[in-house]
Number of protein chains: 2
Amino acid sequence: MLTRNAPTSQRPPQDLPEVLHDDMANALRALAMDAVEQAKSGHPGMPMGMADVATALFSRFVKIDPTRPDWYDRDRVVLSAGHGSMLLYAVNHLLGYADMGTDQLRRFRQLGAVTAGHPEHGHTLGVETTTGPLGQGLATAVGMALAERMLNARFGDDLVDHYTYVIAGDGCLMEGISHEAIDLAGHLKLGKLILLWDDNGISIDGRTTLSTSTDQLARFEAAGWDVMRVDGHAYHAVTDAIAEARGTERPTLIACRTTIGFGAPTKAGTEGAHGAPLGPDEIAGARARLGWSHPPFEVPDDVREAWAHTAARGRTAREAWERRLSGSGRRAAFEAAMEGELPADFDEKLDAYKRELSQSAPKVATRKASEMALGVINAETELTVGGSADLTHSNLTYTKGLMPVTPGNFAGRYLHYGIREHAMAAVMNGLALHRGTIPYGGTFLVFSDYARGAMRLSALMGQRVVYVLTHDSIGLGEDGPTHQPVEHLAMLRATPNLHVFRPADAVETLEAWQLALHAERTPSVLALSRQNLPTFRTTHSEENLTGYGAYVARKPERRRDVTLLATGSEVELAFKAADMLALRGVDAAVVSMPCWELFEKQSADYRRAVLGTAPRVAVEAAARFGWDRWIGERGRFVGMEGFGASAPAADLYRYFNITPEAVVAAACDLITCA
Amino acid sequence: MLTRNAPTSQRPPQDLPEVLHDDMANALRALAMDAVEQAKSGHPGMPMGMADVATALFSRFVKIDPTRPDWYDRDRVVLSAGHGSMLLYAVNHLLGYADMGTDQLRRFRQLGAVTAGHPEHGHTLGVETTTGPLGQGLATAVGMALAERMLNARFGDDLVDHYTYVIAGDGCLMEGISHEAIDLAGHLKLGKLILLWDDNGISIDGRTTLSTSTDQLARFEAAGWDVMRVDGHAYHAVTDAIAEARGTERPTLIACRTTIGFGAPTKAGTEGAHGAPLGPDEIAGARARLGWSHPPFEVPDDVREAWAHTAARGRTAREAWERRLSGSGRRAAFEAAMEGELPADFDEKLDAYKRELSQSAPKVATRKASEMALGVINAETELTVGGSADLTHSNLTYTKGLMPVTPGNFAGRYLHYGIREHAMAAVMNGLALHRGTIPYGGTFLVFSDYARGAMRLSALMGQRVVYVLTHDSIGLGEDGPTHQPVEHLAMLRATPNLHVFRPADAVETLEAWQLALHAERTPSVLALSRQNLPTFRTTHSEENLTGYGAYVARKPERRRDVTLLATGSEVELAFKAADMLALRGVDAAVVSMPCWELFEKQSADYRRAVLGTAPRVAVEAAARFGWDRWIGERGRFVGMEGFGASAPAADLYRYFNITPEAVVAAACDLITCA
């Protein structure tokens with residue numbers, strides 16, 4: 001048995017005797033194995049393996065104040081290996097986060113507990129981002145580190161100067177998103193990003209040598225990172241490495257050689273420690289080996305006091321920062337940025353521009369209309385940060401005067417994300433989570449496939465991220481079926497807490513942008529056309545009609561014989577069909593449905609009034625999937641039945657029979673036409 | 001102007017004078033720029049830049065016979081940079097593929113032409129895989145190279161001995177999937193995989209230095225590849241490099257320094273050459289610079305003859321191979337494998353096992369039922385090749401006796417794909433495209449997000465790939481919302497040409513496997529439960545009822561008062577609800593709907609009979625999106641309205657109100673209950 005030292009509360013934690021470092025780490029190990037045992041579910045191996053690294057990181061470096069979890073200038077610590085959630089919960093418990101009492105550790109993975117299976121941002125204090133899907137935390141942290149540098153460039157060291165630390169496992173580094181993320185971080189020289197890799201050589205199936213032979217250090221070096229390797233169970237080696245990493249101009253990988261399930265007598269170093277409770281015998285053996293004689297969930301005072309140092313150090317730092325903020329001439333601007341406040345006259349300016357659009361009625365692609373809207377938006381607010389996954393001139397995400405962010409120079413507002421859709425989405429999540437900007441980024445709608453993992457997290461975390469997804473149908477033409485979305489609108493509409501806008505003209509596009517920028521807890525997709533579309537909203541409306549999700553865009557002359565439902569580029573077809581139907585004595589209403597999710601939120605009365613009781617025909621150059629909700633059992637759908645093809649857009653619309661004539665034919669199947 | 005040499009048909013192409021190599025390449029350049037100009041759409045820069053490399057590759061090395069495009073032992077050449085499709089079409093034109101006449105080059109990117117915007121497998125001869133979404137070709141090629149080695153291990157050098165060449169651009173190497181693919185290829189030591197990187201330093205937004213600083217050679221070396229760098233416009237340097245690469249035991253990256261749009265007087269070396277027609281002046285200037293005086297689409301005889309050598313060499317090789325095949329004692333087995341033929345008594349064996357299951361009526365998770373089915377399947381046929389993205393013991397994809405494939409040893413049938421869902425899907429596409437195996441691979445259903453890009457290509461190409469996607473709902477429990485699929489069934493069901501099976505018990509699971517293995521032109525998803533489910537199919541049926549997509553699983557006693565629709569784990573809930581309704585005097589039918597796509601294909605009469613005319617309630621632990629198709633306007637849905645949560649599964653079902661009681665309540669809202 002180890003003997004305990006005298007209370008250490010007067011000494012800074014870096015001077016703690018080695019034995020107390022060990023016990024600080026052992027406290028994390030014990031809480032993790034006990035909580036997993038209690039839950040009969042979870043991952044003890046990673047917290048036990050990384051307990052020493054976490055102790056070194058928090059005891060010496062991390063600048064956070066658990067009493068102010070949202071302090072803007074805190075360090076960000078991201079647990080990319082989210083299955084090791086008990087590591088973070090144990091740390092946060094010992095740091096004294098208000099929500100993380102022992103009761104919550106005892107209720108690990110139970111309904112309503114803050115100790116969810118994987119860390120969930122917004123659900124639990126001190127969780128910077130939701131992790132679990134591997135690699136996401138790392139890529140999101142790149143966005144946070146980028147946000148830090150961009151806001152530092154704007155507001156200076158006094159207000160913004162913190163580190164971003166990531167704890168990642170083998171899985172994070174095997175996922176493709178890690179490549180995109182580390183390339184971008186290395187390129188941009190995000191020197192304040194430090195990655196602690198839990199290099200334990202074990203994954204779920206067994207030893208990592210089953211599936212990888214990569215030299216990770218060489219790989220990160222190739223991507224422009226500084227790299228080090230340390231014994232992850234040697235406190236001083238880890239602290240020295242972190243101290244060195246903090247001083248360099250490039251991001252740093254610290255490969256921490258660890259033993260998964262450190263302390264477990266038979267399961268340590270094996271996949272048996274990874275994802276299941278250790279069992280009472282193994283836990284008893286681990287307690288003996290670690291010299292940890294305390295009952296489950298109990299931590300002795302001296303260890304608690306040692307952990308309290310980090311919280312105290314953070315509080316001191318936060319108070320000093322608040323004094324600097326109070327004395328800063330940039331306080332108001334800084335706080336407005338961090339709160340994400342749009343300028344007071346923002347909506348007025350947008351409304352004035354909408355009036356112009358209604359008058360000039362441009363015939364432009366909605367991607368072009370988006371560029372025009374962004375021209376106004378980016379001039380009115382400094383919050384927006386644009387970018388594209390190497391399709392700037394196709395997505396039209398750049399506006400005049402935006403400077404690009406370049407390696408080591410973070411004063412710009414435009415990001416060349418490279419051909420990295422997944423990292424772009426995750427980096428935008430990181431930018432939004434950090435706060436201080438509103439990120440938007442572009443790619444083709446079909447390549448939302450590549451970004452899905454991170455887009456889902458935008459929705460799950462409720463972050464204000466705007467996806468500018470152009471070339472939204474077969475209307476993109478010659479590039480063919482690999483580039484033509486068919487099922488993507490359905491995929492995105494099925495995702496909870498995501499607004500999918502498919503505006504039909506320049507006015508609706510502006511309205512969609514306005515809604516997206518105001519949706520502080522919901523990400524938005526703008527699905528935009530490549531091809532030109534006429535402006536049909538030629539009468540100015542102060543109301544944002546897109547905000548209703550759907551509305552009657554063309555009222556019937558007398559009675560409503562049939563209702564034509566459409567979105568985006570197909571609203572034009574519906575108008576033409578309505579004109580053709582009029583010649584055949586049929587009075588058609590046209591309903592534009594730019595955002596199904598917002599329409600769902602309207603009153604039942606409103607929805608009934610818009611949809612009407614007449615037979616319905618929907619037209620959208622996409623899969624039918626989901627449309628039955630609106631057209632009902634006897635409704636008709638004009639759209640895609642399979643994948644697209646390579647040809648000029650007009651030929652494709654004819655070939656796939658998505659035409660005014662097809663809409664008329666469908667309508668006349670339902671009602672009597674002259 | 002260059003002078004022409006005498007006809008060279010008697011000389012092997014490696015002895016062609018340098019000037020003819022240049023003109024072989026110039027022919028590709030001219031055809032590419034002329035076709036793009038004619039189409040007013042496309043990408044001339046890449047074909048012009050890589051023309052010399054393609055000439056070196058095909059003239060000296062590639063073993064294909066254009067008269068037998070599907071010859072099993074041909075080399076596979078994959079154009080991962082699919083936007084450079086005209087490079088491949090020009091090559092295939094000059095090699096004499098039957099479908100690639102000049103008329104097709106003139107109709108580049110037009111409706112119905114084989115010269116689609118991006119190469120489409122199955123649409124055009126000599127296109128090994130559909131490319132365009134960047135990185136896919138590279139990862140798919142890893143699967144092809146793996147198939148070659150696995151079949152070589154089984155059938156020997158006489159029958160299987162060919163190379164896989166990939167032409168990839170900067171975009172392919174920036175995408176995350178490239179990391180997963182090259183790691184796996186390096187690990188497995190796929191020495192016959194050779195990657196020719198079009199290292200032109202240009203992407204769509206401008207110079208690649210806008211967004212990347214990675215040292216690609218160092219990166220590939222870190223992943224276990226051999227690497228070389230050559231001048232991509234120096235024929236002999238390229239041929240020497242390829243010759244060397246063919247001799248090594250590791251996959252090889254050859255970085256080919258090229259000038260995008262080589263020859264174009266003002267646009268060469270700039271993004272202006274990438275993705276738009278060059279225009280008449282630039283084309284005229286390029287013709288002058290290249291010394292190519294021939295009219296559009298015309299290629300002089302000597303150049304055609306030089307290209308014909310490759311075809312002739314391939315024909316000779318193919319004929320020699322056919323003689324070896326004729327003399328081989330393994331011919332029947334080899335051909336059966338390559339044709340993907342299941343054993344004659346396969347269905348009989350499966351049927352016998354189904355009878356057993358109906359009698360024993362095990363209460364097992366459908367993932368376990370899948371493992372049991374695979375136990376029979378993998379014993380009955382050698383075609384299946386299993387694997388998992390590091391979730392073997394969760395997906396239950398391994399069966400007794402399967403040996404793993406290990407680095408340099410390809411005799412096994414099980415793949416440890418690592419934590420690489422996207423590459424797993426693409427590698428399975430490559431295995432299927434190569435022919436000789438039926439690949440299946442596992443991950444959690446929620447992580448289909450990570451694999452989406454490649455899964456879509458499985459569907460678009462119509463490949464027999466089976467996705468074993470377990471933990472298919474909140475039923476996975478404690479791992480929480482990041483691991484609980486909600487919208488994924490909708491996402492997959494909305495995808496054309498994909499069968500999404502969600503079997504409800506062990507019998508349906510076996511039936512789903514049977515259907516998946518017989519679906520030669522359609523990939524399948526098996527969405528499987530973590531939690532145990534009772535077998536309700538306790539009466540043996542020789543017919544595969546899952547093949548109807550939906551069927552009445554519980555007939556009403558007398559009349560049908562209400563119809564309960566369900567899939568997978570919720571069929572049990574529907575049965576319980578029906579029992580409870582019976583106590584309240586309501587006669588309910590239960591319809592199991594394991595595969596919507598197959599149900600859609602049944603006759604309208606059958607569908608009407610199954611769905612009935614009584615009010616309907618659907619229950620599925622997933623998003624409602626798509627269900628309105630089946631429940632109609634007055635139907636009810638019991639399921640998820642948002643994301644899940646972390647808790648034991650039973651608690652979650654109660655919390656989200658997905659219970660027999662909720663189904664009963666929904667039914668009694670529609671009809672009169674006692």
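Letters A, B, ... are given to chains in the order of the sequence lines, protein chains preceding strands, and every chain is numbered from 1.
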**Study point:** Centroid-centroid under 6.0 Å between Tyr450(B) and His422(A) rings
**Key:** yes
Check your understanding: Measuring from Phe637(B):CZ to Trp627(B):CH2, what's the distance to the nearest 0.5 Å?
Key -> 7.0 Å
Check your understanding: chain A heavy atoms under 4.5 Å from Ala622(B): which part of the residue, side chain, backbone, both or neither?
Key -> neither
Check your understanding: Tell me, side chain or backbone of Leu457(A) under 4.5 Å from chain B's heavy atoms, or both, or neither?
Key -> side chain
Practice item. Return the minimal non-hydrogen interatomic distance between His416(A) and Asp205(B), and the atom names on each side. Key: ND1-OD2, 3.1 Å
Study note, to complete from the structure: With chain B, the option among Leu210(A), Thr392(A), Ile177(A), Thr130(A) that has the most non-hydrogen atom pairs under 4.5 Å is Leu210(A)
Point to revise | Trp225(A) side chain to Ile182(A) backbone, donor-acceptor under 3.5 Å | key: yes
Point to revise | side-chain contact (heavy atoms from CB on, under 4.5 Å) between Trp630(A) and Arg616(A), worked out | key: CA-CA 8 Å; Trp630(A) 309 121; Arg616(A) 294 173 215 142; 5.6 Å; no
Exercise for review: Against chain A, work out which of Gly117(B), Ala451(B), Gly176(B) has the most heavy-atom pairs shorter than 4.5 Å and name it.
Suggested key: Gly176(B)
Revision key, fill the gap. Bottom line for Phe447(B): the part with an atom under 4.5 Å from chain A's heavy atoms is side chain
**Study point:** Which residues share a salt bridge (charged side-chain N to carboxylate O under 4.0 Å, His left out) with Glu641(A), sequence neighbours left out
**Key:** none
Point to revise | Working for salt bridge (Lys or Arg N to Asp or Glu O under 4.0 Å), residues Arg219(A) and Asp215(A) | key: CA-CA 6 Å; Arg219(A) 173 195 173 204; Asp215(A) 178 342; over 6 Å; no
Point to revise | Contact leader toward chain B among Gly480(A), Ala623(A), Gly626(A), where contacts are heavy-atom pairs under 4.5 Å | key: Gly626(A)
Point to revise | Best-contacting candidate, Ile419(B), Asp628(B), Ile631(B), against chain A by heavy atom pairs under 4.5 angstrom | key: Ile419(B)
**Study point:** Residue, of Glu633(B), His118(B), Arg624(B), Gln216(B), that accumulates the most heavy atom pairs under 4.5 Å with chain A
**Key:** His118(B)
Point to revise | Portion of Leu173(A) that has a non-hydrogen atom of chain B nearer than 4.5 angstrom | key: backbone
Study note, to complete from the structure: Residues passing the salt bridge (charged side-chain N to carboxylate O under 4.0 Å, His left out) test with Asp170(B), sequence neighbours excluded, are none
Practice item. Could you look at Leu188(B) and say if it's the side chain, the backbone, both or neither that has a heavy atom under 4.5 Å from chain A? Key: neither
Point to revise | Heavy-atom pair count under 4.5 Å with chain B, highest-scoring of Ala645(A), Ala222(A), Ala459(A) | key: Ala222(A)
Check your understanding: What do the steps show when you test Asp449(A) against His488(A) for side chain to side chain donor-acceptor pair (under 3.5 Å), and what is the final call?
Key -> CA-CA 8 Å; Asp449(A) 281 348; His488(A) 299 76; 3.0 Å; yes
**Study point:** Contact winner vs chain A - Asp651(B), Val446(B), Leu460(B), heavy-atom pairs under 4.5 Å
**Key:** Leu460(B)
Point to revise | Atom group of Arg107(B) that falls short of 4.5 Å from chain A, counting heavy atoms | key: neither
Check your understanding: For Thr406(B), is it the side chain, the backbone, both, or neither that has a heavy atom closer than 4.5 Å to a heavy atom of chain A?
Key -> neither
Exercise for review: Taking the side chain as every heavy atom from C-beta outward, state whether Leu415(B) and Pro404(B) have any atom pair closer than 4.5 Å.
Suggested key: no
Check your understanding: Can you tell which of Lys40(A), Gln136(A), Glu271(A), Met640(A) has the highest number of heavy-atom pairs within less than 4.5 Å of chain B?
Key -> Gln136(A)
Check your understanding: Which bit of Ser448(A) is near chain B, if near means a heavy-atom gap under 4.5 Å: side chain, backbone, both or neither?
Key -> neither
**Study point:** Residue part contacting chain B, namely of Glu600(A), when any heavy atom lies under 4.5 Å
**Key:** neither
Revision key, fill the gap. Heaviest contributor of heavy-atom pairs below 4.5 Å to chain B, chosen from His483(A), Glu487(A), Gln110(A), is Glu487(A)
Review point. By a 4.5 Å heavy-atom criterion (distance strictly below it), what part of Ala116(B) contacts chain A: side chain, backbone, both, or neither?
Key: both
**Study point:** Thr495(B) versus chain A, the contacting section by heavy-atom distance below 4.5 Å
**Key:** both
Review point. Minimum heavy-atom separation for Phe444(B) to Ser394(B), with atom names?
Key: CE2-CB, 3.8 Å
Review point. Among Ser213(B), Ala423(B), Gly82(B), Gly453(B), who wins on heavy-atom pairs under 4.5 Å with chain A?
Key: Ser213(B)
Exercise for review: Quick one: which of Leu391(B), Leu492(B), Asn497(B), Val405(B) has the most heavy-atom pairs under 4.5 Å with chain A, could you say?
Suggested key: Leu391(B)
Review point. Measuring heavy-atom distances to chain B, does Pro485(A) have an atom under 4.5 Å in its side chain, in its backbone, in both, or in neither?
Key: backbone
Review point. For Thr209(B), is it the side chain, the backbone, both, or neither that has a heavy atom closer than 4.5 Å to a heavy atom of chain A?
Key: backbone
**Study point:** Heavy-atom contact with chain A under 4.5 Å, split by part of Tyr417(B)
**Key:** backbone
Exercise for review: Could you tell me which of His123(A), His393(A), Met491(A), Met174(A) has the largest number of non-hydrogen atom pairs under 4.5 Å with chain B?
Suggested key: Met174(A)
**Study point:** Interchain contact, Ser178(B) with chain A, by part (heavy-atom threshold 4.5 Å)
**Key:** side chain
Check your understanding: Contact part of Ala454(A) toward chain B, heavy-atom cut-off under 4.5 Å: side chain, backbone, both or neither?
Key -> neither
Check your understanding: Side chain, backbone, both or neither: which part of Trp596(B) has a heavy atom under 4.5 Å from chain A?
Key -> side chain
Revision key, fill the gap. From the list His43(B), His83(B), Arg109(B), side chain to side chain donor-acceptor pair (under 3.5 Å) with Asp479(A) holds only for Arg109(B)
**Study point:** Aromatic ring pairing His179(A)/His179(B), orientation class (parallel under 30°, perpendicular over 60°, tilted between)
**Key:** parallel
